[in-house]
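Working notes, beginning with the structure itself.
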Amino acid sequence: MIENLVIVESPAKAKTIEKYLGKEFHVVSSFGHIRDLSKKNIGIDIENNFEPDYEVPKEKLKVVNELRKSASNAKNIWIASDEDREGEAIAWHLAAVLDLDIDNTKRIVFHEITKEAISNAINKPRTIDMNLVNSQQARRVLDRLVGFEISPVLWKKIQPALSAGRVQSVAVRLIVEREREIISFQSESAFRITALFIIKNDKGEESVIKAEASKRFRKEEEAKSFLELCASSNFEIDSVTVKPGTRVPAAPFTTSTLQQEAYRKLGFSVAQTMAVAQKLYEAGKITYMRTDSTNLSKLALLKSKEVIVAQYGEKYSKTRQYKTKSKGAQEAHEAIRPTYPDNAAVTGSQNEKKLYDLIWKRTIASQMADAEVERTTIAIGMNNSPVTFNASGEVVKFDGFLKVYSESTDDDSGESEKALIPEVRKNMPLTYKKITADQRYTTPPPRYTEASLVKKLEELGIGRPSTYAPTITTIQNRGYVLREERPGEKRDVRILTLEKGVVNSSKRSELFGKEKAKLFPQNIGIVVNDFLMDNFPEIVDYHFTAAIEEQFDKIAVGKIEWTNMLGEFYGPFHESVKKALEKRDRKIGSRTLGVDPKSGEEVIVKVGRFGPVAQIGTTEGGNKARFASLHKNQLIETITLEEALQLFNLPRNLGELEENEVIVDTGKYGPYIRHSGKFYSLKKGVDDPYTIDLGRAIEIIREKREAEKQKVIKEFDDILVLNGRYGPYISKDKKNYRLPKGCDPKKLTKEECLDIIEKANKTKK
DNA sequence: CAGTGAGCGAGCTTCCGCTTGACTT
């Protein structure tokens, strides 16, 4: 018999708590939720006032059985799930599954994991808060209704296995709408004027000032006349202002800000950040990594202060507590911080070390003094023009928290260099060394990265720390969006320079539109989004979650009844589902491009069974239509008639080589040449399947044959020693074997090969 | 490795939020 059984959500938490509680207490974990709505019949008896049908899922049976065993052996049971809506529901489900009396079940919460906090909690148990539980039930049931009633509409109207939901559909909408802004963006250019001035101080020492003109010029001629004006102008200092300022450290990490910074500073994907953080948490090195709170425990504040004072001195320390800003935050946990702030570094993998370092610095910096800066702005006037040249510089007078850490930003323009401004006074004269007018293009709004999408969702109050990473995975798995790179395109920009009274013009080529790890909407994502916007505008509204969260809050304080709230939502919602199903909207998401000049038939593009496709003619009335798949990166929305028609020009027969046809076509893995049963890939960015000729095709075939010849180093019956991408290896029965270090492949014998194969097979077992 | 788009019909897909492994490459 155990005296006291404490149930928490996380096994790592169970382990640490058990240390504080001593022998009288046995601490176990539920591993999160233990019951969920059944998948049969939507899991809700809608007619019967939304009665939920809960069941223990198969993969939870083992945990639940162990909990039952422990519970039946315990005198007292304490349920210590997290102090938020979901935690309260977990407590209630536990009580139900373990046959506990709801009114007498001891419910406790830990605000921080210290001996004092834990014994305080044990001394003041409460009972389960059914209002809070009901607000969770409302949340759960509503999400199921939305997801399981809309998704089947998509299967019927668009494609099987698609999905829609309160969170994922808004995430997709954000990406689709951003893409449309980019598509419709009209880039404009103007000439930006920058100057290098020389100024002499009283001692005759020269220094350089970099400044930008207050005006930009749309036309090259205008920029040129301005430079000519500069050539004959007298410049002097118009004004000097020196302003003191402060910079304050960023709040400690939440899940969302950790994902953003780990992406910006370390290049981690959102999922990668969470996996590395999980490792650190399980090793007891950081606090819980799924949190929306910026709060630090008293102990953490104290320990951080000790570290700062010891390492940097008293004046670098400033204890502060941060208010959580994000909408709908439930603050069941602390901010993400080092468990022991006096450990500035940890052992582990490279990524664990890097992420820990980031968390340590952010936490410590958050408890450090403001940085003090001095910002100098000067204006340089011209005697023959109202235009001024402005320069600004910043000097850090006291570094404060900047000694340890400064937050990065999302804009990657990299033009925030803070120059040092020499000491100058009003009316001092300057001479120009060089003045440049360069053509600058305006840029469209940036595409989302995984991390900036998380930031946006958090701002809208959509999704929770535990779901940001899975949501991003889901919308990619459904094919709605794809994380991609784009090489960018080149364009010419004009440059005018004024030096020694002479204006010269030149041009330079710049790259624009280069993208790395950005989220691009795919055709199916756009079609689904438009369908949802047409039929379920209230669900994909950016304020929908915030609005229903208000209702959940009212349920949580007992102001309204949860099933009434669901009833009010479901009535109109279900009507829109019915209407969407009844609508006779053929060809959802298809676009008519025009008429094929050869056949006179209509050309359309749509999402077909196997993806986006162009179609000439119709299949109606037994007609045969012709089909051609769209290329990757071609959008139904933007493809032109010419581009679509070109898709039908493949496959092409280029002629003959060695009495066999040479065919060029494009397949699953891009464009290729087919010749006597063999395939040869075209070179990316070099060869175009629509224009390639026989000569070049033969060249590609010969090249590959040559490479194949060099591939075989040795041959013993069915054993081959081959040259691969990663160096020489042995191949037998379609299995590959690595060569031992320092082994010369040219001197291998058959016996040695067999020996290597045998050894490799042994170690595998 | 290297497309496909006839038609019928059975059976399946799907949500969000709380937790970790048990799998394979």
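Chain naming here is simple, since letters A, B, ... match the order of the sequence lines and numbering starts at 1 in each.
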Q.
With a 4.0 Å cut-off on N to O distance, would you call A:E149 and A:K578 a salt bridge?
A.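 Not counted as a salt bridge, because no side-chain N and carboxylate O are separated by less than 4.0 Å.
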Q) If you measure from the Lys or Arg side-chain nitrogens to the Asp or Glu carboxylate oxygens, is any gap between A:R696 and A:E699 under 4.0 Å? A)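 Yes.
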Q.
Without decimals, in angstroms, what is the distance between A:K58 NZ and B:dG21 C1'?
A.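 In whole Å, B:dG21 C1' and A:K58 NZ are 16 Å from each other.
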Q: For each nucleotide in nucleotides 9-18 of chain B, reading 5' to 3', give B when a protein heavy atom comes within less than 4.0 Å of its base, S when such contact involves only the sugar-phosphate, and - otherwise.
A: ----BBBBBB
Please list, for nucleotides 2-5 of chain B, all pairs of protein and nucleotide N/O atoms separated by less than 3.5 Å.
| from | atom 1 | to | atom 2 | distance (Å) |
| --- | --- | --- | --- | --- |
| B:dA2 | N1 | A:S681 | OG | 3.4 |
| B:dG3 | OP2 | A:Y672 | OH | 3.4 |
| B:dG3 | N2 | A:K668 | N | 2.8 |
| B:dT4 | O4 | A:S629 | OG | 3.1 |
| B:dG5 | O6 | A:S629 | OG | 3.3 |
| B:dG5 | N2 | A:R609 | N | 2.6 |
| B:dG5 | N2 | A:F610 | N | 2.6 |

**Q.** Partner set under salt bridge (charged side-chain N to carboxylate O under 4.0 Å, His left out) for A:K156, not counting sequence neighbours
**A.**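 With sequence neighbours excluded, A:K156 shows a salt bridge (charged side-chain N to carboxylate O under 4.0 Å, His left out) to no residue whatsoever.
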Q: State whether the side chain of A:N351 and the backbone N or O of A:T273 hold a donor-acceptor pair below 3.5 Å, judged by distance alone.
A: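 Absent.
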Q: Quick one: label A:Y281 by what it contacts on the DNA or RNA (base, sugar-phosphate, nothing), any heavy atom closer than 4.0 Å.
A: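 The answer is sugar-phosphate, as A:Y281 gets under 4.0 Å only of primed atoms, P, OP1 or OP2.
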Q: Heavy atoms only: give me the nearest A:F573-A:S576 pair and the separation to one decimal.
A: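 Looking at all heavy atoms of both residues, the shortest contact is O-OG, 2.6 Å.
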Q: Is it possible for you to check whether A:R626 lies under 6.0 Å from the centre of the six-membered ring of A:F648, through NZ or CZ, and within 45° of that ring's axis?
A: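 Yes, a cation-pi geometry.
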(Q) Could you go through A:Y680 and A:Y672, starting from their C-alpha distance and side-chain angles, then the distance that decides it, and tell me whether this counts as ring-ring contact (aromatic ring centres under 6.0 Å, His included)? (A) CA-CA 5 Å; A:Y680 307 86; A:Y672 64 92; 9.9 Å; no
Q. What class does the angle between the rings of A:Y288 and A:H333 fall in, given that below 30° is parallel, 30 to 60° is tilted and above 60° is perpendicular?
A.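 Ring orientation of A:Y288 relative to A:H333: tilted.
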